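To start, the structure itself, in structure tokens.
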Amino acid sequence: MASSSIDARIRLSVELALTGTNASKPLFAKQEEAGRALGMTGAEMDMARRGSSFDFETSIAISLALNACQETHQRALCAGLSEEACAEIERISQACRSPIMILC
């Protein structure tokens, strides 16, 4: 498996934001378990599901995932995310929004 350019907490936060409160019960439980394994609090996971984060970098990543366009991409780069991280976040966003949600 290829290594990720974003950390696991950011990746999960992005996935939580993309599925929001519409996640199926099994997916919701899987995300909760993954979050706890990463040391995330319930408040952090709830915040991500609402499209934000207490952490600046995570908040920028979520913003990019929820509105993947040139403007948010540029904002993410200016905030310090790498081009590789932005591209990965955009791939996750596209995969989660496709009819067959492979990653989410």
Side-chain angles (χ1 to χ4, degrees):
M1 183 174 180
S3 67
S4 176
S5 57
I6 57 175
D7 109 339
R9 288 173 65 104
I10 291 176
R11 173 182 283 279
L12 180 60
S13 294
V14 164
E15 291 176 6
L16 288 166
L18 290 166
T19 57
T21 57
N22 297 323
S24 66
K25 287 187 182 211
L27 177 57
F28 188 89
K30 182 179 174 184
Q31 289 172 332
E32 288 282 319
E33 183 180 335
R36 283 191 301 277
L38 292 170
M40 293 177 74
T41 66
E44 288 173 306
M45 289 185 275
D46 288 344
M47 189 86 151
R49 282 191 182 93
R50 290 182 178 91
S52 192
S53 175
F54 298 110
D55 176 72
F56 176 74
E57 184 178 24
T58 304
S59 189
I60 293 294
I62 288 171
S63 177
L64 177 59
L66 292 174
N67 185 23
C69 67
Q70 186 59 34
E71 182 181 336
T72 54
H73 183 100
Q74 190 61 40
R75 194 175 311 139
L77 291 173
C78 289
L81 270 66
S82 69
E83 184 62 50
E84 295 80 17
C86 290
E88 185 172 349
I89 292 164
E90 290 167 341
R91 280 191 301 273
I92 294 167
S93 176
Q94 186 175 23
C96 285
R97 292 175 189 274
S98 72
I100 302 173
M101 293 178 34
I102 297 170
L103 294 177
C104 293

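Everything numeric in this text was worked out from a predicted model, so none of it was measured.
Under the 4.5 Å side-chain heavy-atom criterion for Ile, Leu, Val, Met, Phe, Trp and Tyr, F56 and M47 are members of distinct hydrophobic clusters.
Looking at T19 and E15, their side chains never come closer than 4.5 Å, going by heavy atoms from C-beta outward.
In this view, T72 and S63, L64, N67, C69, R75 satisfy the side chain to side chain contact (heavy atoms under 4.5 Å, CB included) rule, not counting sequence neighbours. Partners of R9 by salt bridge (charged side-chain N to carboxylate O under 4.0 Å, His left out), not counting sequence neighbours, listed by chain and number: E44. Under the salt bridge (charged side-chain N to carboxylate O under 4.0 Å, His left out) criterion, D46 pairs with R49, not counting sequence neighbours. Take E57 and apply the salt bridge (charged side-chain N to carboxylate O under 4.0 Å, His left out) test, not counting sequence neighbours, and it matches no residue. Considering only residues two or more places apart in sequence or on other chains, A37 meets the side chain to side chain contact (heavy atoms under 4.5 Å, CB included) condition with none of them. In this structure A65 satisfies the side chain to side chain contact (heavy atoms under 4.5 Å, CB included) test together with V14, L18, I89, S93, sequence neighbours excluded. Remark: R50 pairs with no residue by the salt bridge (charged side-chain N to carboxylate O under 4.0 Å, His left out) rule, at least two apart or across chains. In this structure E33 satisfies the side chain to side chain donor-acceptor pair (under 3.5 Å) test with no other residue, sequence neighbours excluded.
Separation of atoms OG (S5) and CZ (R91) is listed at 6.5 Å; rounding is to 0.5 Å. Considering CD of E32 and NZ of K25, their distance stands at 13.0 Å, rounded to 0.5 Å. The structure places CD1 of I92 at 3.5 Å from CZ of R11, a figure rounded to the nearest 0.5 Å.
In the hydrophobic clustering, M45 connects to L12, L16, L38, M40, either directly or through intervening members, whenever side-chain heavy atoms lie under 4.5 Å apart.
For L77 against S82, the heavy-atom pair with the smallest separation is CD2-C, 3.9 Å. When all heavy atoms of S53 and I62 are compared, the closest pair comes out as CB-CD1, 4.2 Å. Taking each heavy atom of S59 and S52 in turn, the nearest pair found is OG-OG, 3.9 Å. Listed here is the closest heavy atom pair of L66 and G51: CD1-CA, 3.8 Å.
Counting only distance, with no hydrogens or angles, the side chain of S13 and the backbone of T58 share no donor-acceptor pair below 3.5 Å.
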